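Data first, discussion second: the structure below is written as structure tokens.
Scope of the values below: all heavy atoms of this structure, side chains included, with no hydrogens, waters or symmetry mates. Source: prediction; values computed, not measured.
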Amino acid sequence: MEFSEIEQKWQKKWADAKVFEPDASESMKFFLTAAFPYPNSPQHIGHARTYTTTDVYARFMRMKGYNVLFPMGFHVTGTPVLAMAKRIAEGDKEIYGIFKDVYNIPEHIISQLNTPEKLVDYFSREIELGMKEMGFSIDWRRKFYTYDKMFNKFIEWQFMKLSEKGYLKKGSHPVPWCPKDNNAVGSHDTQGDVDPNIDEYVLIKFKFGEYYLLTATFRPETVYGVTNLWVNPAVNYVRIESNGESYIVSSDAAEKLKHQMKLEVKEQIRTVDLIGRSCKNPITSDEIPILPAEFVDPRNGSGVVMSVPAHAPYDFLALRDLKGSSFEKYSDRLIQVIELSGYGKYPAKEISERMGVANQQDRKAEQATEELYRAEAHGGKMVAGKYKGEKALIAKEKIKQDMLAEGKALLIYDIINGPIYCRCGTLCVVKRVENQWFINYGDDGWKKQVKECLKQVRIIPEKTIVEYEYTIDWLKEKACVRASGLGTPFPFDKTQIIESLSDSTIYMAFYTISNYLKDVDAEKLSSEFFDFIMLGKGDAKRLSLTSGIDEQLLNRMREEFLYWYPLDSRHSAGDLVHNHLTFFLFNHVAIFPPELWPKQIVTNGFVLMEGKKMSKSMGNILPLREAVKKYGTDIVRFSVVSGADLSQDADFNPTMAEGIASRMGSIAMLVERCNEFPSDTANVDRWLISAIHKKVKSSAELYKKLELRDIAQEALYNAVNELRWYLKRGGKNRNSLREYLEYLTLLLAPFMPHFAEEMWEKLGKKEFVKNSEFVSIAEWPTHDENKIDRVADLSEELISETREDIENIIKITKVTPRSIYLYCASDWKRKLYTMAFKEKKFDVVMKQAMTDDRMRANPQETQRVLQQFIKNIGHLSSLVLTLRQEMEALEGAKKFLSVEINADVYVLPEEKAEGEHAKKAKQSTPMKPSIFFE
RNA sequence: GCAGGGGUGGCGGAGCCUGGUCAAACGCGACAGACUCAAGAUCUGUUGGCUUAGGCCUGCGAGAGUUCAAAUCUCUCCCCCUGCACCA
């Protein structure tokens, strides 16, 4: 089979017939979207998971008779595209390397992608081509980019609406910052793609003459245990002025603080003027000395540290290190603040001594600190100060708030996983951005409504619902604009750009009309326009006059919107639950009436490459188009969605691909040859037909729940195994095969549309299912309950188990039988069997059995057989074949069995056993005939 | 820390909600046989241990419990993975 030929053939036919370009119509609609791609690199096989899942679903719903819309656009908002284009323009070797080695893009093409526009243009085309090659049933007429003028207008409208509802808010916000670029940095802007982590410090003011020493701490609650301050004699200190107060900090700290508060650097402070002198603890009013310590890092916090030797190993060690110096007299002052079970009064001392930490330079000091901090945060209780008796963690927050309120402390932010450098080489700092705009997802009323909304959204997989609940509770203000990047200018401050997670929350609505807007001047797309289309406010006639857009067109768009909306199914990878998908709910709730809220959200796992996560550094990224070329579309489609449960990561590996291909080959071969088979029917035909109808029955349910893995298992692996068994058992009926294959082709169509089309065509005129031009739009089959044949199923089971038993005996006894006698159990045993299955308890069944003449006549035998049943009570099934059915089944399989085992086979009822056969024959039970070798 | 997911045979991975038909689907790998000059592909069989009659034993992270019966239910413990925002 030449895959690429088949693929191109059907993709062209679909395109020519415009089967995937739906408009509003009379029929039931189904509108689904997948998270649109971000075109700053080609897509790899991992991206295919979400889109294939969506497409399989789209195709299934289409076959179920829905008018299905599956559109696609491109998300270009934000800075990564800018950063990427810039790096290419600068000839960044790393980027060139990735594009060349991973994605096989020729160097002369890479070098051309040096502007955001060219980059977006190239990669979006690449991605679109890939999606087309994947056979996704996308309506490409509706494609747009998030920097399109018309889309900008839509987003502007969205923010107007949010503002009207009072969901926009202004405030200040700390962000990682490059002082040279004068811009916020994300992980893609840093050397080594490190994601800067920001945490807050409390700066406590220790009065020192006219000035204050600012000490930075994560643990303000330990302020009660401060015995001294630390400064590093090797560090430069400066006096800064801010808000009318003078502070002493390291000069490095002063540089950082500039970005978070207004300050002026006044003068150098010599450490000799500090060390040995005293300052005042603002909380306890204790006079405490300022002492030297080497562990103090000028770049951390303020470069001044408050010493709590009872609870901080470094402080304890530094004090201990002072022994023998002129400051020795201070070296064993310890003040307990926190009580911790498992430790005495001075945990820092204990842990340092236990771990044998030598001095403040010892690496073990770090370890000791980590361990102790964690323990105290976990189980510590205050034994000093205002919040005595409270948990340390709670007291910390309260003390912090108190000090801030009383002006005894300041709050600042720092990058805690630093130092982090911008790509330009500058050290990143934290900047407090003033006049930052937020979407206030913390609004309680809003949250409440979203929770209501969540109740009526179908979440697949169901278990992820708790994650949405959690995220809704946890969300607070979300900064929604940035100083740079592609996208939509913020309507209330045009110098700002709306950030990428905020402009992709209701864009699905835009697809409903995007194809009509291509020829409309974007300037005409006012708020009133969107109010009319999306919310039905105003009327078309009026709007037509004010906007200059044709009235009919306006009405048409309104109709399209109302037809397609609400969104029936939203698809993305599971990692977006915590942001995008929840924002998506919030914004729909804010802007649209409840009847237009989303109906369903589906999330899926990722794709692994041969068991490992794909990553640039591992060099194991498989570009999608390359995968398609190498393995074929249908195989790629099939493997990414069938490899694991929806929420689990699927593995892609070549062996799996080969396995799929070979099974497709088996099916294709039968499709081509099935008409050559005669029309002899046998028992096994009833079984085969039963099997396919069972499959059809279960498939629709599985498709609805998107349990694609199970469908894949059924429709490919099990199907091929069933066909094999059928042929092996001597099945050779043309009609049975055709019926099976016609149904099977339909079941496979959503997964493997190209292959299915080809099979559909090869099968020619359908005899058992409804025909149609394309299988892609064929009617989804319904099963025939009458063809599901439990007796046939059990008969086949009996045959296969009997064969296994025979082989087992041969294996153990190493006997080669010439003849095999199969003695089937009498009907009274079957009656007893059914009773045993129902009642399960020996005495109850026995009593019941005694009402039967046959059994009462042979109580001992009855008891023996019943004991056997009870022993294997779990193995009994609700239905057993009758003696006649069992014999018929085995008679029918005589030939099969004798060929398989290479012996003559005789099938008899147990009563017919004579001589030495008789004893053996008595042991027969239903579904387990006695086997006698001769 | 908070939240979520998970620990099953040589491996991947079902089963767990709704206990029994589970020595555990399906696949891969390995082994043996057929075909072949040979390799590959394909096909057939085997793949926890014991067993000369279809049986028995041990087993699903560890321990305890409920039950006639536990991979499945309950409790405790251990271990692993993911996410925690201004970033797509």
Check your understanding: Sub-3.5 Å donor-acceptor pair from the side chain of A:T834 to the main-chain atoms of A:R830, do we have one?
Key -> yes

Point to revise | N or O in side chain of A:K476 less than 4.0 angstrom from B:C84 OP1/OP2 | key: no

Point to revise | Residue matched to B:G15 through Watson-Crick or wobble contacts both under 3.5 angstrom | key: B:U8

Review point. What is the nucleic acid contact for A:P37, judged by heavy atoms within less than 4.0 Å: base, sugar-phosphate only, or nothing?
Key: nothing

Check your understanding: For A:R709 and B:G15, is the shortest distance between a side-chain N/O and OP1 or OP2 below 4.0 Å?
Key -> no

Review point. Mind checking who B:G29 pairs with, Watson-Crick or G-U wobble, both distances under 3.5 Å?
Key: B:U47

**Study point:** Distance, P atom - from B:A25 to B:G20, rounded to whole angstrom
**Key:** 15 Å

Review point. Which is true for A:H580 with a 4.0 Å heavy-atom rule: it touches a base, it touches only sugar-phosphate, or it touches nothing?
Key: nothing

Review point. Name the one of A:Y441, A:W446, A:F583, A:F586 that satisfies ring-ring contact (aromatic ring centres under 6.0 Å, His included) with A:Y167?
Key: A:W446

Check your understanding: Nearest of B:C26, B:A88, B:G45 to any side-chain atom of A:T79?
Key -> B:A88

Review point. Looking for any heavy atom pair under 4.0 Å, which part of the strands does A:L501 touch: base, sugar-phosphate only, or nothing?
Key: base

Practice item. Quick one: label A:K919 by what it contacts on the DNA or RNA (base, sugar-phosphate, nothing), any heavy atom closer than 4.0 Å. Key: nothing

Review point. For A:T77, which contact category applies under a 4.0 Å heavy-atom criterion: base, sugar-phosphate, or nothing?
Key: sugar-phosphate

**Study point:** A:K920 side chain, from C-beta outward: closest of B:C86, B:U44, B:A53
**Key:** B:A53

Exercise for review: Any strand is fair game: report the nucleotide pairing with B:C22 by Watson-Crick or G-U wobble, both distances under 3.5 Å, or none.
Suggested key: none

Exercise for review: Under 4.0 Å between any heavy atoms, over every strand shown, what does A:E797 touch: base, sugar-phosphate, or nothing? Just pick one.
Suggested key: nothing

Revision key, fill the gap. Among B:G54, B:C84, B:G45, the one nearest any side-chain atom of A:D805 is B:G54

Exercise for review: Looking at every strand, decide which applies to A:Q713 at a 4.0 Å heavy-atom threshold: base, sugar-phosphate, or nothing.
Suggested key: base

**Study point:** From B:G29, B:A25, B:A53, nucleotide with atom closest to A:F933 side chain
**Key:** B:A53

Practice item. Using a cut-off of strictly less than 4.0 Å, decide whether A:R724 has a side-chain nitrogen or oxygen near OP1 or OP2 of B:C43. Key: yes

**Study point:** A:S124 versus A:P39, closest heavy-atom pair with distance
**Key:** N-CB, 3.8 Å

Check your understanding: Which part of the nucleic acid does A:V433 contact within heavy-atom distance under 4.0 Å: base, sugar-phosphate only, or nothing?
Key -> nothing

Review point. Do A:F896 and A:W725 have ring centres separated by under 6.0 Å?
Key: yes

Check your understanding: Where the side chain of A:I809 is concerned, which of B:A53, B:A85, B:C86 is the nearest nucleotide?
Key -> B:A53

Check your understanding: Just to confirm, is there a sub-4.0 Å distance from OP1 or OP2 of B:A14 to any side-chain nitrogen or oxygen of A:Q648?
Key -> yes

Practice item. Pick base, sugar-phosphate or nothing for A:Y470, based on heavy-atom distances below 4.0 Å to the nucleic acid. Key: base

Practice item. Just name whichever nucleotide pairs with B:G83, Watson-Crick or G-U, keeping both distances under 3.5 Å, else none. Key: B:C2

**Study point:** Complement of B:U58, any strand, by Watson-Crick or G-U distances under 3.5 angstrom
**Key:** none

Review point. So, are A:E722 and A:K695 salt-bridged, with charged N and O less than 4.0 Å apart?
Key: yes

Check your understanding: Across all strands, who's sitting opposite B:U66 as a Watson-Crick or G-U wobble pair, both distances under 3.5 Å?
Key -> none

Exercise for review: Please determine if a side-chain N or O atom of A:K463 lies less than 4.0 Å away from the OP1 or OP2 oxygen of B:G6.
Suggested key: yes

Review point. Are any of A:S500's side-chain N or O atoms less than 4.0 Å away from OP1 or OP2 of B:A88?
Key: yes

**Study point:** Identified ring-ring contact (aromatic ring centres under 6.0 Å, His included) counterpart of A:F36 within the set A:Y51, A:F74, A:Y507
**Key:** A:Y507

**Study point:** Nucleotide nearest A:Y717 (side chain, heavy atoms from C-beta), chosen from B:G27, B:G45, B:C87
**Key:** B:G27

Practice item. Check whether any side-chain nitrogen or oxygen of A:N721 sits under 4.0 Å from OP1 or OP2 of B:G27, and answer yes or no. Key: yes

Point to revise | N or O in side chain of A:R663 less than 4.0 angstrom from B:U42 OP1/OP2 | key: no

Point to revise | Under 3.5 Å on both distances, the Watson-Crick or G-U partner of B:U42 | key: B:A34

Review point. Taking the six-membered ring of A:F606, is NZ or CZ of A:R49 closer than 6.0 Å to its centre and within 45° of its axis?
Key: no

